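Worksheet: the structure to be examined is printed underneath.
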2 protein chains.
Amino acid sequence: MAYGRRVSESGVREAGARRGRGRPARYSLDELLAVVVAEFNARGYDATSMEDVARATGLTKSSVYHHVSGKEELLHRAVSRALDALHAVLDEPTSTSGPAVDRLEHVVRRSVEVLAAELPYVTLLLRVRGNTPTELAALDRRREFDRRLAALVQDAIDAGEVRRDLDPRLVTRLLFGAVNSVAEWYRPDGAHGVPEVADTLVALTFGGLRRA
Amino acid sequence: MAYGRRVSESGVREAGARRGRGRPARYSLDELLAVVVAEFNARGYDATSMEDVARATGLTKSSVYHHVSGKEELLHRAVSRALDALHAVLDEPTSTSGPAVDRLEHVVRRSVEVLAAELPYVTLLLRVRGNTPTELAALDRRREFDRRLAALVQDAIDAGEVRRDLDPRLVTRLLFGAVNSVAEWYRPDGAHGVPEVADTLVALTFGGLRRA
DNA sequence: GTCTATATGTTGATAGAC
DNA sequence: GTCTATCAACATATAGAC
């Protein structure tokens with residue numbers, strides 16, 4: 001923490017205060033990315049100009065271009081981070097051994113945890129539309145992730161551990177639709193902690209809402 | 001259907017074929033909106049320029065400005081249509097009388113149906129970020145809708161018809177997170193029809209996935 | 001109700017001094 | 001590694017002819 005950098009509680013450096021004055025900011029790429037991704041999520045990637053990025057970081061546009069080749073590299077680094085974290089969940093030991101329904105439940109829980117831990121990056125990923133090569137590549141990796149999820153649901157059905165009367169691809173989409181929706185409202189300092197969110201999600205989708 | 005207008009199966013006039021040539025298009029506002037909203041959803045609202053809008057409609061920018069005051073009016077008309085349709089669900093008789101859990105289930109089913117029927121408009125609504133006055137007003141109406149949903153869940157808990165061990169606001173968010181996620185993949189000509197989607201969603205969230 | 005032409009601001013990105 | 005100054009392209013929107 002040299003230079004007494006002004007960094008907010010969330011670990012995101014505070015915005016725009018020192019442009020052109022005082023000591024140079026000396027951003028690391030990760031620090032810069034955290035600020036920029038927060039801005040992308042607040043205004044939308046397309047609606048955020050490089051001038052907005054510069055203002056948020058407290059640098060000039062030129063200085064931002066010293067760190068990255070352009071706006072798209074910022075997006076690429078952000079969504080790659082999210083995709084790496086999500087794919088890693090599927091490679092965990094508990095995701096690959098044991099009863100299929102337990103593996104599925106584990107992946108649901110861990111997905112919520114990763115979503116919370118990497119919230120800004122996952123949020124940005126979930127909003128990617130496919131306008132650029134970077135975005136298309138991200139959508140491809142997302143689809144690969146979804147295929148691996150669907151295989152997990154299929155395993156649980158084949159093992160007779162979940163009800164067989166539902167289409168597995170449809171169940172996968174709805175189940176992880178609920179998981180992903182957490183990104184729309186979850187806040188680290190909000191009313192609900194990660195364990196409660198994960199427990200409620202599992203209770204809702206594995207146990208069901210209706211009273212016995 | 002005068003003038004033998006070229007309109008696709010989805011009711012959306014086909015794009016860009018006649019700019020500057022042949023008979024004037026004579027768009028109604030609703031027809032124009034359908035084309036434009038499809039474009040907004042394909043590229044993202046912010047990433048869609050008025051030039052893109054003009055190309056998609058087969059008009060010039062100037063002609064588009066004859067129909068609407070600007071880009072934001074197009075957004076306003078689209079999200080208002082979605083919000084009107086969603087709020088109407090809560091005012092249906094079956095949403096306001098009978099056992100609370102049945103009212104809740106009815107609203108879930110009808111929300112899926114409205115989402116499918118008004119897919120492009122709801123899709124656009126769900127992506128609104130809050131950058132402009134129009135978007136902020138839309139977010140306000142969405143929040144009001146969510147409040148009414150949460151009250152429905154609370155009613156079902158108070159009536160003892162659903163399990164009491166879950167936080168009602170959290171359940172509301174996850175339940176309708178799953179509902180809204182349908183907009184991300186549902187297609188009218190896709191593998192799953194609306195009744196199957198609604199049945200599966202209700203089975204998943206009210207009955208639960210795990211085998212008894 | 002459509003067009004061509006244009007006004008005026010903003011965009012992503014670069015040149016080059018310090 | 002930051003800055004000032006600038007560019008060409010593209011943005012939203014308008015004027016006015018037909």
Side-chain angles (χ1 to χ4, degrees), chain A residues 2-3 5-6 13 15-33 35-37 39-40 43-78 131-135, chain B residues 2-6 13 15-33 35-36 39-40 43-78 131-135:
Chain A
Y3 305 108
R5 297 174 190 164
R6 254 182 289 105
R13 184 193 298 263
R18 57 156 298 287
R19 155 123 71 157
R21 300 179 271 111
R23 192 198 303 274
R26 304 172 113 277
Y27 274 104
S28 77
L29 235 177
D30 278 353
E31 287 176 331
L32 189 123
L33 197 61
V35 177
V36 172
V37 169
E39 193 76 2
F40 283 167
R43 315 167 64 104
Y45 173 73
D46 289 305
T48 306
S49 71
M50 288 299 276
E51 183 61 45
D52 294 328
V53 166
R55 193 181 311 111
T57 56
L59 301 177
T60 59
K61 280 194 288 180
S62 283
S63 296
V64 175
Y65 277 102
H66 174 80
H67 292 278
V68 291
S69 65
K71 197 177 159 183
E72 195 157 2
E73 186 187 330
L74 290 164
L75 180 65
H76 177 74
R77 300 192 101 97
N131 283 349
T132 64
T134 292
E135 297 188 33
Chain B
Y3 305 109
R5 296 172 192 166
R6 253 181 287 106
R13 184 192 298 263
R18 57 154 300 286
R19 156 122 72 156
R21 300 178 271 112
R23 193 197 302 273
R26 305 173 112 277
Y27 274 103
S28 77
L29 199 55
D30 278 353
E31 286 176 331
L32 189 124
L33 196 62
V35 177
V36 173
E39 193 76 1
F40 283 168
R43 314 168 63 105
Y45 173 72
D46 289 305
T48 306
S49 71
M50 289 299 275
E51 183 61 46
D52 294 329
V53 167
R55 193 182 311 111
T57 56
L59 302 176
T60 58
K61 280 193 288 181
S62 283
S63 297
V64 175
Y65 277 103
H66 174 80
H67 292 277
V68 291
S69 65
K71 198 177 159 182
E72 194 157 3
E73 186 187 330
L74 290 164
L75 181 65
H76 177 75
R77 298 192 102 96
N131 283 349
T132 64
T134 293
E135 297 190 32

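Because the structure is a prediction, the values reported are computed rather than measured. Lettering follows sequence order; numbering is per chain, from 1.
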| query | Taking OP1 and OP2 of dT2(D), is either one under 4.0 Å from a side-chain nitrogen or oxygen of H66(A)? | reply |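 So the side-chain polar atoms of H66(A) never come under 4.0 Å of the phosphate oxygens OP1 or OP2 of dT2(D).
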| message | For dT2(D) and H67(A) - does any side-chain N or O of the residue sit under 4.0 Å from the phosphate oxygens OP1/OP2? | response |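 So the side chain of H67(A) is within the cut-off, an N or O lying under 4.0 Å from OP1 or OP2 of dT2(D).
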| query | Considering all heavy atoms of both residues, which atom of A54(B) and which atom of T60(B) are nearest to each other, and what is their separation? | reply |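 Nearest heavy atoms, A54(B) then T60(B): CB-C, 3.7 Å.
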| message | To check you understand the geometry: which heavy-atom pair defines the closest contact between F40(A) and L75(A), and what is its length? | response |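 The pair with the smallest heavy-atom distance is CE1-N, 4.2 Å.
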Nearest-Å distance, [atom1] ([X]) to [atom2] ([N])?
X: L29(B); N: dG1(C); atom1: CG; atom2: P; result: 11 Å
X: K71(B); N: dA13(D); atom1: NZ; atom2: P; result: 9 Å
X: E73(A); N: dG12(C); atom1: CD; atom2: P; result: 15 Å
X: R55(A); N: dT10(C); atom1: CZ; atom2: C1'; result: 12 Å
X: L59(B); N: dT4(C); atom1: CG; atom2: C1'; result: 15 Å
X: E51(A); N: dA9(D); atom1: CD; atom2: P; result: 21 Å
X: K61(B); N: dA11(D); atom1: NZ; atom2: P; result: 8 Å
X: L74(B); N: dT12(D); atom1: CG; atom2: P; result: 11 Å

| message | Testing E51(B), K71(B), M50(B) one by one against V64(B) for a side chain to side chain contact (heavy atoms under 4.5 Å, CB included), which residue passes? | response |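 By the side chain to side chain contact (heavy atoms under 4.5 Å, CB included) criterion, V64(B) pairs with just one of E51(B), K71(B), M50(B): M50(B).
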Which nucleotide in [options] has an atom nearest any side-chain atom of [X]:
X: Y65(A); options: dT2(D), dC3(C), dT14(C); value: dT14(C)
X: T60(A); options: dT4(D), dT2(C), dA13(D); value: dT4(D)
X: M50(A); options: dA13(D), dT2(D), dG12(C); value: dG12(C)
X: S63(A); options: dT2(D), dA13(C), dC3(C); value: dT2(D)

| Is there side-chain contact between L74(A) and L32(A), with heavy atoms separated by less than 4.5 Å? |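 Answer yes - side chains close enough.
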| message | When you measure from the side chain of E39(A) to the backbone of T48(A), do you find a donor-acceptor pair of N or O atoms at a distance under 3.5 Å? | response |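 Answer holds: no.
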| query | For the side chain of S62(B) and the base of dA13(D), is some donor closer than 3.5 Å to an acceptor across the two? | reply |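 Counting by modelled atom types and ignoring angles, no donor-acceptor contact under 3.5 Å is found here.
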| said: Categorize S49(A) for me: base, sugar-phosphate, or nothing, with a 4.0 angstrom heavy-atom threshold over every strand shown. | reply: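 If one applies the 4.0 Å heavy-atom cut-off, S49(A) turns out to touch the sugar-phosphate alone, with no base involved.
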